[in-house]
Protein chains: 2
Amino acid sequence: MAFEEEQKIFNSFVKEKGLKQSKQRDDILLTFLKTEKHLTADELHSLVKKKNSSTGIATVYRTLKLLCECGLSSELRFGDRAVRYEHFYGHEHHDHLVCVKCGNFIEAVDPEIEKLQERLAKKVNFSLQGHKLLMYGVCSKCKK
Amino acid sequence: MAFEEEQKIFNSFVKEKGLKQSKQRDDILLTFLKTEKHLTADELHSLVKKKNSSTGIATVYRTLKLLCECGLSSELRFGDRAVRYEHFYGHEHHDHLVCVKCGNFIEAVDPEIEKLQERLAKKVNFSLQGHKLLMYGVCSKCKK
DNA sequence: GTTGAATTTGATAATCATTATCATAATTAA
DNA sequence: TTAATTATGATAATGATTATCAAATTCAAC
């Protein structure tokens, strides 16, 4: 099975924080890793319940918070209300082009944009740690 | 008094939509225009109530939605929960550098970043309409 | 200016995502 | 095995936003 690396990261993190391992967190982590989508907590909860129907939504929220803390996931918010969680570890950083018609999105990155952000930050004496760039427009399918 | 231009835009928009003018909406618009901050609906509501204490929060939300539709305002969301509303009309487009320590932010823009976004969009056949770029880091004050 | 149809308003209920609470269950170091 | 600590799930609480609805206001037509 894959994901050993991610599981190791998570388990080390949990141990280092003085927390304990649990079956539920393992299930949630694996389901998250297997699903290459930008899921909401609620959507992930539905998937996890297929394996273990007794898993509570609160535990899903708690675990997602841990996943973000240890660098396996990252929060993302398109226009809508709910936070979405995307894979972070082992994934190239990317920005998002969100279609205002169909709601789908494309992931893309321009290394020059990244560099220029650093330059902009330096200009205002800011230590840059990260960024979120959301571009809105109409995708190729919806243009037709 | 200033803001004639903005008021004209709003009134034309309201009329065009078949809506009616109202004292409350005028108050909310003026308070919004006078306050050069990124306010939440709740914060704006507090300010408006100083003029007319009976103004309801629902009307503030309804009016802010109209202001966004007619291009006078734009929604923005930092890390926190509430949507913030910034001035849009007559303001240069800008991005935000948010300090993860103190929560303050700086507005800045790099014309080259803007251009490169257009190039990136073209590459994936996307018609760009707008974007939101949030950069996170530590501001100059908090670095000391 | 009056009328009347349509819209607006404020109070409040409803909703939706998320967090807090708490009694019980599971984990883990000794 | 024990004992202390953490995790869990159910559910209440919260906070932001939206929906509902009766009463008030607007405004075009007379």
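Throughout, protein chains are lettered first and strands after them, A, B, ... in sequence-line order, and every chain is numbered starting at 1. Computed from a predicted model, the values in this text were never measured in an experiment.
Tyr85(B) has its side chain out of reach of His38(B): every pair of non-hydrogen atoms, C-beta onward, lies at least 4.5 Å apart.
Closest approach to the Lys20(B) side chain among dA28(D), dT18(C), dT8(C) is made by dT8(C) (side chain taken as heavy atoms from C-beta onward). For Ala58(A), counting side-chain heavy atoms from C-beta on, the closest listed nucleotide (dT28(C), dT8(C), dT11(D)) is dT11(D). Considering only the side chain of Thr59(B), dG10(C) comes nearest among dA16(D), dA5(C), dG10(C).
For dT8(C), the OP1/OP2 oxygens have no side-chain nitrogen or oxygen of Gln24(B) closer than 4.0 Å. Between Lys17(B) and dT7(C) there is no side-chain N or O to OP1 or OP2 distance below 4.0 Å. Remark: Ser22(A) is in phosphate contact with dT8(D), judged by side-chain N or O atoms under 4.0 Å from OP1 or OP2. The phosphate of dA7(D) has OP1 or OP2 within less than 4.0 Å of a side-chain N or O from Arg25(A). Taking side-chain N and O atoms only, Tyr61(A) has a distance below 4.0 Å to OP1 or OP2 of dT18(C).
Nearest-nucleotide positions on DNA chain D for Leu19(B) and Tyr85(B) put Tyr85(B) closer to the 5' end. Along DNA chain C, the nucleotide nearest to Ile57(A) and the one nearest to Val60(B) differ in position, and the one closer to the 5' end is contacted by Val60(B). Where Lys23(A) and Leu66(B) meet DNA chain C, the nucleotide closest to each residue was compared, and Leu66(B) sits on the side nearer the 5' end.
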Apply side chain to side chain donor-acceptor pair (under 3.5 Å) to His131(B) and Asp95(B), showing your working.
CA-CA 9 Å; His131(B) 72 267; Asp95(B) 298 316; 3.2 Å; yes
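The ring of His87(B) has its center closer than 6.0 angstrom to the ring center of Phe32(B).
Residue Thr40(A) is out of contact with every strand shown, counting any heavy-atom pair closer than 4.0 Å. Within the nucleic acid shown, Lys65(A) comes within 4.0 Å of sugar-phosphate atoms alone, with no base atom in reach, counting heavy atoms only.
One finds no salt bridge joining Lys132(A) and Glu75(A) here, because no Lys/Arg side-chain nitrogen approaches an Asp/Glu carboxylate oxygen to under 4.0 Å.
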